[in-house]
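Before any comments, here is the structure.
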2 protein chains.
Amino acid sequence: MKKQEELFLEFLARKRLKNTSQRMIILKAFLRQNSHLSTEDFYLQLRKKHPGIGYATVHRTLKLFAECGIAAEHNFGDGQMRFEVCHDNEHHDHLVCTGCGRIIEFENQQIEQLQLDVARTHKFFIKSHRLELYGLCSDCVATEQQ
Amino acid sequence: MKKQEELFLEFLARKRLKNTSQRMIILKAFLRQNSHLSTEDFYLQLRKKHPGIGYATVHRTLKLFAECGIAAEHNFGDGQMRFEVCHDNEHHDHLVCTGCGRIIEFENQQIEQLQLDVARTHKFFIKSHRLELYGLCSDCVATEQQ
DNA sequence: TCGATATTGAAAACGGATTTCAAAATACAG
DNA sequence: CTGTATTTTGAAATCCGTTTTCAATATCGA
(Lines give C-alpha, C1' and ligand atoms only; values in the text may rest on other atoms or scores of the structure.)
Protein backbone atom coordinates (compact mmCIF):
# COMPACT_ATOMS: atom_id res chain seq x y z
CA MET A 1 0.00 0.00 0.00
CA LYS A 2 1.30 3.41 -0.89
CA LYS A 3 2.14 6.04 1.61
CA GLN A 4 -0.57 8.42 0.53
CA GLU A 5 -3.28 5.85 0.87
CA GLU A 6 -2.13 5.19 4.39
CA LEU A 7 -2.17 8.87 5.15
CA PHE A 8 -5.71 9.13 3.96
CA LEU A 9 -6.88 6.12 5.92
CA GLU A 10 -5.28 7.49 9.06
CA PHE A 11 -6.93 10.79 8.40
CA LEU A 12 -10.33 9.15 8.08
CA ALA A 13 -9.81 7.22 11.29
CA ARG A 14 -8.64 10.28 13.19
CA LYS A 15 -11.70 12.22 12.09
CA ARG A 16 -14.11 9.33 12.64
CA LEU A 17 -14.97 9.36 8.99
CA LYS A 18 -15.91 6.29 7.07
CA ASN A 19 -13.93 4.38 4.57
CA THR A 20 -16.25 3.97 1.62
CA SER A 21 -15.76 2.36 -1.75
CA GLN A 22 -16.31 5.69 -3.49
CA ARG A 23 -13.57 7.34 -1.49
CA MET A 24 -11.11 4.59 -2.34
CA ILE A 25 -11.98 4.70 -6.02
CA ILE A 26 -11.57 8.46 -6.09
CA LEU A 27 -8.31 8.26 -4.17
CA LYS A 28 -6.82 5.75 -6.57
CA ALA A 29 -7.93 7.66 -9.62
CA PHE A 30 -6.58 10.86 -8.14
CA LEU A 31 -3.18 9.39 -7.35
CA ARG A 32 -2.97 7.84 -10.78
CA GLN A 33 -3.38 11.10 -12.67
CA ASN A 34 -0.56 13.53 -12.47
CA SER A 35 -1.74 16.89 -13.64
CA HIS A 36 -3.70 19.86 -12.42
CA LEU A 37 -7.27 18.90 -13.07
CA SER A 38 -10.32 20.92 -12.22
CA THR A 39 -13.00 19.15 -10.21
CA GLU A 40 -15.13 19.09 -13.33
CA ASP A 41 -12.43 17.55 -15.54
CA PHE A 42 -11.54 14.99 -12.94
CA TYR A 43 -15.16 14.09 -12.49
CA LEU A 44 -15.65 13.64 -16.23
CA GLN A 45 -12.57 11.39 -16.38
CA LEU A 46 -13.73 9.32 -13.47
CA ARG A 47 -17.26 8.99 -14.76
CA LYS A 48 -16.07 6.97 -17.74
CA LYS A 49 -15.11 4.09 -15.48
CA HIS A 50 -17.43 4.79 -12.59
CA PRO A 51 -20.64 6.35 -13.82
CA GLY A 52 -22.31 5.87 -10.48
CA ILE A 53 -20.17 8.34 -8.56
CA GLY A 54 -21.68 11.78 -8.32
CA TYR A 55 -20.08 15.15 -8.72
CA ALA A 56 -20.83 16.12 -5.15
CA THR A 57 -18.94 13.12 -3.83
CA VAL A 58 -15.96 13.86 -6.03
CA HIS A 59 -15.94 17.44 -4.89
CA ARG A 60 -16.23 16.54 -1.23
CA THR A 61 -13.54 13.91 -1.50
CA LEU A 62 -11.07 16.21 -3.23
CA LYS A 63 -11.64 18.65 -0.39
CA LEU A 64 -10.81 15.91 2.07
CA PHE A 65 -7.60 15.18 0.18
CA ALA A 66 -6.63 18.81 0.45
CA GLU A 67 -7.48 18.83 4.12
CA CYS A 68 -5.35 15.81 4.88
CA GLY A 69 -2.48 17.10 2.82
CA ILE A 70 -2.33 14.68 -0.08
CA ALA A 71 -3.70 17.21 -2.52
CA ALA A 72 -2.91 20.85 -3.17
CA GLU A 73 -5.63 23.21 -4.22
CA HIS A 74 -4.84 25.81 -6.87
CA ASN A 75 -6.67 28.66 -8.43
CA PHE A 76 -5.05 29.83 -11.63
CA GLY A 77 -7.55 32.58 -12.16
CA ASP A 78 -9.74 30.82 -14.68
CA GLY A 79 -12.50 30.53 -12.14
CA GLN A 80 -12.00 26.85 -11.51
CA MET A 81 -10.38 25.17 -8.60
CA ARG A 82 -7.65 22.72 -9.54
CA PHE A 83 -6.15 19.89 -7.56
CA GLU A 84 -2.79 18.23 -7.88
CA VAL A 85 -1.17 15.41 -5.99
CA CYS A 86 1.06 16.69 -3.22
CA HIS A 87 4.31 14.79 -2.96
CA ASP A 88 5.92 14.80 0.48
CA ASN A 89 7.04 18.22 1.53
CA GLU A 90 8.35 19.28 -1.81
CA HIS A 91 7.06 22.59 -2.97
CA HIS A 92 6.92 23.94 -6.46
CA ASP A 93 5.46 26.86 -8.32
CA HIS A 94 3.87 27.13 -11.72
CA LEU A 95 4.30 28.50 -15.18
CA VAL A 96 0.83 28.81 -16.65
CA CYS A 97 0.54 29.06 -20.42
CA THR A 98 -2.33 31.34 -21.31
CA GLY A 99 -2.16 30.07 -24.87
CA CYS A 100 -2.74 26.35 -24.49
CA GLY A 101 -3.38 26.00 -20.77
CA ARG A 102 -0.27 23.93 -20.18
CA ILE A 103 1.07 24.06 -16.67
CA ILE A 104 4.77 23.63 -16.02
CA GLU A 105 6.11 23.11 -12.55
CA PHE A 106 9.33 24.59 -11.29
CA GLU A 107 11.26 24.86 -8.09
CA ASN A 108 13.59 27.62 -7.11
CA GLN A 109 15.24 27.56 -3.77
CA GLN A 110 16.64 31.05 -4.08
CA ILE A 111 13.18 32.52 -4.57
CA GLU A 112 11.90 30.61 -1.56
CA GLN A 113 14.70 32.02 0.53
CA LEU A 114 14.04 35.55 -0.62
CA GLN A 115 10.39 35.14 0.30
CA LEU A 116 11.43 34.25 3.82
CA ASP A 117 13.59 37.36 3.90
CA VAL A 118 10.66 39.51 2.80
CA ALA A 119 8.44 37.97 5.46
CA ARG A 120 11.05 38.58 8.12
CA THR A 121 11.41 42.25 7.30
CA HIS A 122 7.64 42.61 7.66
CA LYS A 123 7.48 40.47 10.79
CA PHE A 124 5.09 38.29 8.87
CA PHE A 125 4.56 34.60 9.56
CA ILE A 126 4.19 32.74 6.24
CA LYS A 127 1.76 29.84 6.17
CA SER A 128 1.75 29.31 2.43
CA HIS A 129 2.51 31.08 -0.76
CA ARG A 130 1.64 31.12 -4.36
CA LEU A 131 3.86 32.07 -7.24
CA GLU A 132 2.60 31.82 -10.77
CA LEU A 133 4.13 33.11 -13.95
CA TYR A 134 1.61 33.62 -16.73
CA GLY A 135 2.58 33.81 -20.35
CA LEU A 136 3.28 31.67 -23.37
CA CYS A 137 5.09 28.36 -23.40
CA SER A 138 7.70 27.71 -26.05
CA ASP A 139 5.19 25.98 -28.33
CA CYS A 140 2.75 28.85 -28.18
CA VAL A 141 5.45 31.45 -28.74
CA ALA A 142 6.44 29.56 -31.88
CA THR A 143 2.85 29.26 -33.06
CA GLU A 144 2.17 32.91 -32.51
CA GLN A 145 5.08 34.00 -34.66
CA GLN A 146 3.81 32.23 -37.74
CA MET B 1 -5.66 67.06 -14.30
CA LYS B 2 -3.96 63.95 -13.06
CA LYS B 3 -2.07 61.60 -15.24
CA GLN B 4 -4.38 58.66 -14.68
CA GLU B 5 -7.44 60.61 -15.60
CA GLU B 6 -5.77 61.59 -18.83
CA LEU B 7 -4.89 58.00 -19.53
CA PHE B 8 -8.48 56.97 -19.06
CA LEU B 9 -9.83 59.75 -21.26
CA GLU B 10 -7.38 58.82 -24.00
CA PHE B 11 -8.41 55.21 -23.64
CA LEU B 12 -12.07 56.12 -24.01
CA ALA B 13 -11.35 58.22 -27.09
CA ARG B 14 -9.21 55.52 -28.68
CA LYS B 15 -11.96 52.96 -28.19
CA ARG B 16 -14.75 55.32 -29.24
CA LEU B 17 -16.28 55.00 -25.82
CA LYS B 18 -18.20 57.76 -24.16
CA ASN B 19 -17.20 59.98 -21.33
CA THR B 20 -20.10 59.79 -18.91
CA SER B 21 -20.64 61.36 -15.54
CA GLN B 22 -20.80 57.96 -13.89
CA ARG B 23 -17.44 56.96 -15.28
CA MET B 24 -15.83 60.14 -14.00
CA ILE B 25 -17.36 59.75 -10.57
CA ILE B 26 -16.19 56.16 -10.36
CA LEU B 27 -12.73 57.08 -11.60
CA LYS B 28 -12.31 59.80 -9.00
CA ALA B 29 -13.57 57.60 -6.19
CA PHE B 30 -11.32 54.79 -7.33
CA LEU B 31 -8.20 56.95 -7.47
CA ARG B 32 -9.01 58.43 -4.09
CA GLN B 33 -9.07 55.10 -2.28
CA ASN B 34 -5.80 53.34 -1.89
CA SER B 35 -6.44 49.76 -0.94
CA HIS B 36 -7.47 46.49 -2.48
CA LEU B 37 -11.23 46.66 -2.53
CA SER B 38 -13.58 44.09 -3.91
CA THR B 39 -16.14 45.30 -6.42
CA GLU B 40 -18.78 44.85 -3.78
CA ASP B 41 -16.96 46.84 -1.12
CA PHE B 42 -16.12 49.60 -3.55
CA TYR B 43 -19.71 49.76 -4.72
CA LEU B 44 -20.98 49.98 -1.14
CA GLN B 45 -18.55 52.82 -0.43
CA LEU B 46 -19.53 54.68 -3.54
CA ARG B 47 -23.22 54.23 -2.96
CA LYS B 48 -23.09 56.36 0.15
CA LYS B 49 -22.35 59.43 -1.92
CA HIS B 50 -23.87 58.34 -5.19
CA PRO B 51 -26.85 56.12 -4.59
CA GLY B 52 -27.90 56.33 -8.21
CA ILE B 53 -24.96 54.43 -9.63
CA GLY B 54 -25.63 50.76 -10.14
CA TYR B 55 -23.47 47.80 -9.34
CA ALA B 56 -23.28 46.78 -12.98
CA THR B 57 -21.85 50.13 -13.96
CA VAL B 58 -19.27 49.99 -11.19
CA HIS B 59 -18.29 46.52 -12.25
CA ARG B 60 -18.02 47.43 -15.91
CA THR B 61 -16.05 50.55 -15.17
CA LEU B 62 -13.55 48.77 -12.95
CA LYS B 63 -13.02 46.32 -15.80
CA LEU B 64 -12.33 49.25 -18.10
CA PHE B 65 -9.77 50.57 -15.64
CA ALA B 66 -8.04 47.24 -15.65
CA GLU B 67 -8.12 47.12 -19.44
CA CYS B 68 -6.56 50.54 -19.82
CA GLY B 69 -3.94 49.82 -17.21
CA ILE B 70 -4.87 52.16 -14.38
CA ALA B 71 -6.14 49.32 -12.20
CA ALA B 72 -4.76 45.90 -11.39
CA GLU B 73 -7.09 43.01 -10.82
CA HIS B 74 -6.28 40.56 -8.05
CA ASN B 75 -7.73 37.35 -6.80
CA PHE B 76 -6.55 36.49 -3.34
CA GLY B 77 -8.48 33.27 -3.23
CA ASP B 78 -11.42 34.48 -1.17
CA GLY B 79 -13.68 34.25 -4.18
CA GLN B 80 -13.81 37.96 -4.77
CA MET B 81 -12.07 40.01 -7.38
CA ARG B 82 -10.13 42.94 -5.99
CA PHE B 83 -8.89 46.07 -7.70
CA GLU B 84 -6.09 48.38 -6.77
CA VAL B 85 -4.75 51.53 -8.35
CA CYS B 86 -1.81 50.81 -10.62
CA HIS B 87 0.95 53.37 -10.31
CA ASP B 88 3.13 53.82 -13.40
CA ASN B 89 5.08 50.71 -14.22
CA GLU B 90 5.97 49.82 -10.70
CA HIS B 91 5.20 46.28 -9.78
CA HIS B 92 4.69 44.85 -6.37
CA ASP B 93 3.56 41.64 -4.76
CA HIS B 94 1.46 40.97 -1.70
CA LEU B 95 1.55 39.64 1.80
CA VAL B 96 -2.01 38.58 2.62
CA CYS B 97 -2.91 38.20 6.28
CA THR B 98 -5.35 35.35 6.68
CA GLY B 99 -6.10 36.55 10.20
CA CYS B 100 -7.36 40.08 9.65
CA GLY B 101 -7.37 40.38 5.88
CA ARG B 102 -4.70 43.06 5.83
CA ILE B 103 -2.75 43.29 2.63
CA ILE B 104 0.82 44.49 2.64
CA GLU B 105 2.64 45.36 -0.55
CA PHE B 106 6.26 44.60 -1.18
CA GLU B 107 8.75 44.80 -3.96
CA ASN B 108 11.75 42.60 -4.46
CA GLN B 109 13.92 43.08 -7.47
CA GLN B 110 15.93 39.93 -6.86
CA ILE B 111 12.83 37.77 -6.96
CA GLU B 112 11.75 39.43 -10.18
CA GLN B 113 15.12 38.68 -11.71
CA LEU B 114 15.02 35.06 -10.62
CA GLN B 115 11.59 34.73 -12.20
CA LEU B 116 13.04 35.87 -15.50
CA ASP B 117 15.77 33.27 -15.11
CA VAL B 118 13.20 30.55 -14.51
CA ALA B 119 11.24 31.63 -17.56
CA ARG B 120 14.35 31.63 -19.70
CA THR B 121 15.32 28.10 -18.75
CA HIS B 122 11.83 26.94 -19.78
CA LYS B 123 11.80 29.08 -22.93
CA PHE B 124 8.69 30.69 -21.51
CA PHE B 125 7.55 34.20 -22.36
CA ILE B 126 6.20 35.88 -19.23
CA LYS B 127 3.26 38.21 -19.64
CA SER B 128 2.47 38.65 -15.98
CA HIS B 129 2.97 37.04 -12.67
CA ARG B 130 1.50 36.77 -9.28
CA LEU B 131 3.30 36.23 -6.03
CA GLU B 132 1.40 36.14 -2.79
CA LEU B 133 2.56 35.13 0.64
CA TYR B 134 -0.26 34.04 2.93
CA GLY B 135 0.04 33.97 6.66
CA LEU B 136 -0.25 36.15 9.72
CA CYS B 137 0.78 39.76 10.02
CA SER B 138 2.69 40.87 13.09
CA ASP B 139 -0.50 41.99 14.85
CA CYS B 140 -2.23 38.68 14.30
CA VAL B 141 0.80 36.68 15.38
CA ALA B 142 0.80 38.68 18.62
CA THR B 143 -2.94 38.19 19.12
CA GLU B 144 -2.74 34.48 18.52
CA GLN B 145 -0.12 33.96 21.17
CA GLN B 146 -2.29 35.36 23.93
C1' DT C 1 -30.69 69.81 -33.34
C1' DC C 2 -30.74 65.27 -35.04
C1' DG C 3 -29.68 60.56 -35.35
C1' DA C 4 -26.54 56.88 -34.67
C1' DT C 5 -24.29 54.78 -31.10
C1' DA C 6 -22.91 53.81 -26.45
C1' DT C 7 -24.28 53.61 -21.60
C1' DT C 8 -27.12 52.94 -17.76
C1' DG C 9 -29.55 50.42 -13.85
C1' DA C 10 -32.48 46.70 -12.58
C1' DA C 11 -33.15 42.33 -13.02
C1' DA C 12 -32.09 38.01 -14.95
C1' DA C 13 -28.79 34.62 -16.26
C1' DC C 14 -24.67 32.37 -15.61
C1' DG C 15 -21.18 29.09 -13.62
C1' DG C 16 -18.72 26.90 -10.33
C1' DA C 17 -18.79 25.69 -5.42
C1' DT C 18 -21.43 24.10 -1.76
C1' DT C 19 -25.43 22.38 0.75
C1' DT C 20 -29.74 19.84 1.41
C1' DC C 21 -32.15 15.74 2.06
C1' DA C 22 -33.89 11.19 2.09
C1' DA C 23 -32.08 6.73 1.09
C1' DA C 24 -28.15 3.71 1.61
C1' DA C 25 -23.85 2.25 3.62
C1' DT C 26 -20.67 1.85 7.41
C1' DA C 27 -18.80 1.15 12.03
C1' DC C 28 -18.97 -0.69 16.19
C1' DA C 29 -21.01 -2.10 20.75
C1' DG C 30 -23.22 -5.78 22.58
C1' DC D 1 -23.32 -11.69 13.83
C1' DT D 2 -27.01 -8.34 14.78
C1' DG D 3 -29.03 -3.71 15.77
C1' DT D 4 -28.48 0.96 15.71
C1' DA D 5 -26.38 5.39 15.68
C1' DT D 6 -23.80 7.84 12.57
C1' DT D 7 -21.89 9.01 8.24
C1' DT D 8 -22.11 9.11 3.29
C1' DT D 9 -24.14 9.26 -1.06
C1' DG D 10 -26.18 11.23 -5.47
C1' DA D 11 -29.47 14.29 -7.38
C1' DA D 12 -31.16 18.41 -7.13
C1' DA D 13 -31.40 22.74 -5.12
C1' DT D 14 -29.04 26.65 -3.39
C1' DC D 15 -25.56 29.96 -2.94
C1' DC D 16 -22.94 33.87 -4.36
C1' DG D 17 -20.03 36.64 -7.08
C1' DT D 18 -19.73 37.81 -11.98
C1' DT D 19 -21.57 38.94 -16.25
C1' DT D 20 -25.24 39.78 -19.56
C1' DT D 21 -29.75 41.40 -21.15
C1' DC D 22 -32.76 44.96 -22.36
C1' DA D 23 -35.46 49.02 -22.68
C1' DA D 24 -34.79 53.69 -21.45
C1' DT D 25 -31.47 57.39 -21.48
C1' DA D 26 -27.31 59.98 -22.46
C1' DT D 27 -23.53 61.21 -25.42
C1' DC D 28 -21.18 62.64 -29.50
C1' DG D 29 -20.39 64.34 -33.98
C1' DA D 30 -22.23 66.07 -38.20
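In this text, all values refer to a predicted model and were calculated from it rather than measured experimentally. Heavy atoms only: backbone and side chains are in, while hydrogens, waters and symmetry mates are out. In the text below, chain A, chain B and the rest are named by the order of the sequence lines, each starting its count at 1.
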message: Distance check needed: D:dT8 P versus A:I26 CD1, whole Å only.
response: 12 Å
Any pair counted as ring-ring contact (aromatic ring centres under 6.0 Å, His included), so long as it reaches residues 114-133 of chain B, sequence neighbours left out: B:H91-B:H129
- prompt: Is any side-chain nitrogen or oxygen of B:Y55 closer than 4.0 Å to OP1 or OP2 of D:dG17?
  reply: no
query: Which pair of non-hydrogen atoms, one from A:Y43 and one from A:V58, has the smallest distance, and what is that distance?
result: CD1-CG2, 3.9 Å
- prompt: So, A:R23 side chain and A:T57 main chain: donor-acceptor pair closer than 3.5 Å or not?
  reply: no
task: Can you see which heavy atom on B:A71 is nearest to which on B:C86, and at what distance?
output: N-CB, 3.9 Å
field: Sorted by number, the residues of residues 11-24 of chain B with heavy-atom contact under 4.0 Å to DNA chain D
entry: B:K18, B:N19
task: For A:K127 and B:L136, run side chain to side chain contact (heavy atoms under 4.5 Å, CB included): C-alpha distance rounded to whole Å, both residues' side-chain angles, the deciding distance at 0.1 Å, then the answer.
output: CA-CA 8 Å; A:K127 286 202 251 180; B:L136 296 176; 4.0 Å; yes
- line: Contacts satisfying salt bridge (charged side-chain N to carboxylate O under 4.0 Å, His left out) that involve residues 67-86 of chain A (not counting sequence neighbours) are A:K15-A:E67, A:K63-A:E73, A:D78-A:R82
- prompt: Do the ring centers of A:F106 and A:H94 come within less than 6.0 Å of each other?
  reply: no
query: Side-chain N or O of B:H59 less than 4.0 angstrom from OP1 or OP2 on D:dT18?
result: no
query: Would B:Q4 and B:H87 count as having a side-chain donor-acceptor pair, cut-off 3.5 Å?
result: no
- request: Answer yes or no: is there a donor N or O on one side and an acceptor on the other, between the side chain of A:R130 and the main chain of A:N75, under 3.5 Å?
  value: yes
- prompt: Looking only at heavy atoms, which two atoms of A:V118 and B:I111 are closest? And how far apart?
  reply: CG2-CD1, 4.5 Å
message: Under 4.0 Å from a heavy atom of chain A: give me the 5'-most and 3'-most nucleotides of DNA chain C that qualify.
response: C:dG16 to C:dA27
task: Scan residues 64-77 of chain A against DNA chain C and write down, sorted by residue number, each residue with any heavy atom closer than 4.0 Å; if none is found, say none.
output: none
- line: The correct set of residues in residues 37-54 of chain A placing a heavy atom under 4.0 Å from DNA chain D is A:G52, A:I53, A:G54
query: With a 6.0 Å cut-off on ring centres, are B:F30 and B:F83 close enough?
result: no
- prompt: Regarding A:Q33 and A:S35, is there a side-chain donor-to-acceptor distance under 3.5 Å anywhere?
  reply: yes
query: Are B:M24 and B:V85 connected, step by step, through hydrophobic side chains (Ile, Leu, Val, Met, Phe, Trp, Tyr) whose heavy atoms are closer than 4.5 Å?
result: yes
